[in-house]
Amino acid sequence: MRKFLVVLNWFPKGRKSMRFRSRNYINSWGKFFWFAAFIVSTFVLFNGFSYSNFRFLFGERFEPVLKFARKTPTANAIVSGEHPVTQILSVRETVLLPDQVILFLKYPRSARLFTKEELDCVYLSVHNTSPVPRLKQSPARVDTEQLGEQIVRCPSGPRGLLITVGSKSNGVFPAGPTHYWDSLAYEALVDNDNTTVVFVKGLNLRPERVSNASRFECVYGEDFSRLKLVLRSEVLSIAQEIVRCRTPLIVLNSQKKVNSSVKVSVRIKGGGTLPSIARLGFLPDSGRDPLPTRKPHETCICTMARNQARFLKEWVIYHALIGVQRWYIYDNNSDDDTDQVIESLFNAGYNISRHIWPWIKTQEGGFSHCALRAKGSCEWIGFIDVDEFLHLPTGLFLHDVISNLTSTITSFGNISIGELRVSCYSFGPSGLKQIPKQGVMVGYTCRLAVPERHKSIVKPEALNSTLINIVHHFHLRDDFRFIDVDRRMMVVNHYKYQVWEVFKQKFYRRVATYVADWKDEQNVRSKDRAPGLGTRAVEPVDWSSRFCEVTDTGLKDRVLRNFANPKNSLLPWQTTTNKKAGTWFVEEENTNKVQEKE
């Protein structure tokens with residue numbers, strides 16, 4: 001018999017009967033209060049738990065994360081000088097990244113959110129109860145995640161200081177619990193089959209391998225240091241950094257009540273529980289299985305990007321012209337104008353959304369998260385970077401190419417096509433030393449002769465339940481298979497080695513989980529690195545002529561032939577495009593003249 005103790009404010013109201021069985025939920029508690037108390041006492045007596053030994057089974061090691069205690073006299077006070085004032089916001093969680101700190105703020109309902117200019121990053125002494133800040137800095141960025149919630153990115157402060165936020169008018173706010181980014185449950189979603197998918201760092205599981213699920217369990221609650229006050233559930237699968245759990249029925253039955261209020265984590269049986277900021281979220285189609293036979297969009301694209309604002313417009317508009325209908329942008333700590341470009345494209349009629357994804361070294365997890373979100377909306381979704389462009393040499397639209405490929409390929413028995421693997425050609429600087437004004441597709445025309453790897457376009461429902469992927473492709477269910485696309489039908493033009501001004505940004509940080517940062521002295525011969533560059537962002541004297549083996553103007557010729565405005569030769573991404581109205585507002589000529597799109 002499974003034993004669960006549920007936090008009282010989770011209980012559904014108005015029920016008059018109760019079952020305490022293996023279904024993991026309780027319908028009523030008032031009538032059987034003393035019976036529940038007896039069960040709790042028995043559970044506490046016979047199920048003690050010790051944190052003295054944080055070790056994985058089979059010798060793997062678990063390293064707990066330090067949580068800083070609050071240094072304020074009351075959890076609901078705001079320190080302003082020495083006097084607590086009315087609660088305006090709370091710092092729900094704090095996560096320490098290598099180069100910055102992320103704070104998650106929660107506001108009361110109907111409260112006005114502070115602007116970036118009104119907030120300060122405040123650095124306090126951990127061992128000193130004085131509210132006087134040791135240091136104040138301006139936030140690097142403030143984003144609104146959803147109603148009443150903000151994400152604040154602060155510079156990393158001196159070691160040994162506690163980080164919180166303050167406002168110029170209300171003083172310093174109490175610090176929240178603090179976690180390290182590399183040992184953390186950070187996201188959780190309920191899938192359409194009612195299972196919970198948890199995204200974690202720190203389990204150190206082998207890439208591309210399914211691990212033993214029986215060694216783990218999922219826990220639901222708020223305070224995971226007290227296991228008697230959490231719900232436990234079975235782990236159905238665990239691989240890489242993704243855990244799929246059986247969602248307790250009481251959580252499913254109280255969806256509106258627990259949404260964003262319940263955290264989920266993963267516990268190693270006989271060991272420790274990962275710290276968590278993963279508050280349970282529900283997809284719009286949660287509980288709707290099977291999915292509708294006809295989805296709103298034939299083709300979608302998902303990407304993870306950091307500081308790609310100047311290239312995003314060309315990438316979105318071009319792919320819209322060849323048939324893409326929906327874009328999911330996972331913003332990985334951009335500090336340029338990415339959010340403004342996405343907003344302008346959305347206002348112009350493009351179905352594009354920005355999802356804040358601050359977690360580093362989590363591209364695989366981000367793509368799996370995106371696949372879950374797209375499952376109810378997209379027939380096919382491609383996973384490519386902002387410097388990668390689908391080239392269709394036949395001149396057909398993307399959905400027609402996909403339809404031709406998946407309908408003419410002979411199936412093996414009842415196995416359907418669930419993934420298209422598209423070869424990537426890597427282009428070099430092509431003799432340029434400045435960013436090409438007409439965009440990357442027209443500017444870069446010289447590439448390496450042999451394709452490097454591939455990218456994938458998948459049917460979301462074809463993905464294996466583990467969601468294993470290595471960025472370039474996913475593992476599929478047994479009743480689906482992949483095909484390698486003929487390069488005469490479709491290729492990816494990867495403008496990988498651009499002018500040095502752009503390329504050197506790749507040294508900042510690699511987003512893929514299992515790819516070393518280029519500044520690190522490891523895997524220096526990896527294909528993920530630029531050949532011959534080593535670990536320092538120093539421009540070679542012959543950079544502009546490198547990576548040039550074959551002249552390829554195929555995509556350039558198609559773009560100029562089909563998409564250039566015949567009146568002024570401008571391409572759509574050189575203008576402010578109103579997709580709904582069908583008009584172009586010319587930016588380069590600095591005029592308000594409106595030109596009708598032909």
### Message
Checking K375 against E461 for the salt bridge (charged side-chain N to carboxylate O under 4.0 Å, His left out) test, could you report, in this order, the C-alpha distance in whole Å, the side-chain angles of both residues, the deciding distance, and whether it holds?
### Response
CA-CA 6 Å; K375 189 188 298 186; E461 62 269 24; over 6 Å; no
### Message
Quiz question: by atom type and distance under 3.5 Å, do the side chains of Y220 and S265 form a donor-acceptor pair?
### Response
no
### Query
Does D336 come within less than 4.0 Å of R306, counting only side-chain N to carboxylate O?
no
### Query
So, H454 and D484: side-chain donor and acceptor under 3.5 Å apart, yes or no?
no
### NZ/NE/NH1/NH2 to OD/OE distance under 4.0 Å, R141 and D339
yes
#### Entry: Pair Q146-E149, side-chain donor/acceptor within less than 3.5 Å
yes
### Message
Using only atom types and a distance under 3.5 Å, with no angle test, would you say the side chain of S456 pairs donor to acceptor with the backbone of H472?
### Response
yes
### Message
Closer than 3.5 angstrom, by distance alone: can the side chain of H319 be matched with the main-chain N or O of W315 as a donor-acceptor pair?
### Response
yes
### Task
Answer yes if the side chains of T196 and T247 hold a donor-acceptor pair under 3.5 Å, and no otherwise.
yes
### Message
Donor-acceptor check, side chain of E549 to backbone of A449, threshold 3.5 angstrom: yes or no?
### Response
yes
### Task
Kindly assign one of parallel, tilted or perpendicular to the pair F383 and F367, based on the angle between their ring planes and the thresholds 30° and 60°.
tilted
### Task
Kindly say whether the aromatic ring centers of Y495 and F311 come within a distance under 6.0 Å.
no
### Task
May I ask you to say whether E419 pairs ionically with R421, meaning some side-chain N is under 4.0 Å from a carboxylate O?
yes
### Message
Test salt bridge (charged side-chain N to carboxylate O under 4.0 Å, His left out) on E241 and K361; report intermediate values, then the result.
### Response
CA-CA 11 Å; E241 297 183 345; K361 310 295 277 185; over 6 Å; no
### Query
According to the interplanar angle, ranging from 0 to 90°, do the rings of Y497 and W543 count as parallel (below 30°), tilted (30 to 60°) or perpendicular (above 60°)?
perpendicular
#### Entry: S430 (side chain) donor-acceptor with G428 (main chain) under 3.5 angstrom
yes
### Message
Checking side-chain polar atoms at under 3.5 Å, does T338 have a donor or acceptor matched by the opposite partner on N307?
### Response
no
### Query
About how many Å separate NZ of K459 and SG of C378, when rounded to the nearest 0.5 Å?
11.0 Å
### Query
Got a donor-acceptor contact below 3.5 angstrom from the Q100 side chain to the L97 backbone?
no
### Side-chain donor-acceptor pair present, W357, T362, cut-off under 3.5 Å
yes
### Query
Does R244 come within less than 4.0 Å of D191, counting only side-chain N to carboxylate O?
yes
### Query
Do side-chain atoms of S377 reach the backbone of R373 as a donor and acceptor pair under 3.5 angstrom?
no
#### Entry: R310/E501 salt bridge by N-O under 4.0 Å criterion
yes
### Message
Centre-to-centre under 6.0 Å for W380 and H297, is that the case here?
### Response
no
### Message
Less than 6.0 angstrom separating the ring centers of Y425 and H391, yes or no?
### Response
no
#### Entry: D478 atom CG, over 12 foreign heavy atoms within 6.0 Å
no
### R326/E379 ion pair, N-O < 4.0 Å
no
### Query
Looking at Y328 versus H355, is the centre-to-centre ring distance below 6.0 Å?
no
### Query
Does any pair with a residue in residues 348-360 pass salt bridge (charged side-chain N to carboxylate O under 4.0 Å, His left out), and if so which ones, sequence neighbours excluded?
D143-R354, D331-R354
### Message
Heavy-atom count check: over 12 atoms from other residues, nucleotides or ligands less than 6.0 Å from F480 CZ?
### Response
yes
### Query
Would you say T406's side chain and I402's backbone share a donor-acceptor pair under 3.5 angstrom?
yes
### Query
Side chain of N333, backbone of P358: donor and acceptor closer than 3.5 Å?
yes
### Query
Where the side chain of S544 meets the backbone of P429, is there a donor-acceptor pair that is under 3.5 Å apart?
no
### Query
Who are the side-chain hydrogen bond (donor to acceptor under 3.5 Å, both in side chains) partners of Q308, not counting sequence neighbours?
none
### Task
Would you mind checking if R447 and D552 are paired as a salt bridge, meaning a charged N to carboxylate O distance below 4.0 Å?
yes
### Message
I'd like to know if the side chain of K295 and the backbone of G376 have a donor-acceptor N/O pair within less than 3.5 Å.
### Response
no
### Query
W573 ring centre to K313 NZ or CZ under 6.0 Å, with the angle to the axis within 45°?
no
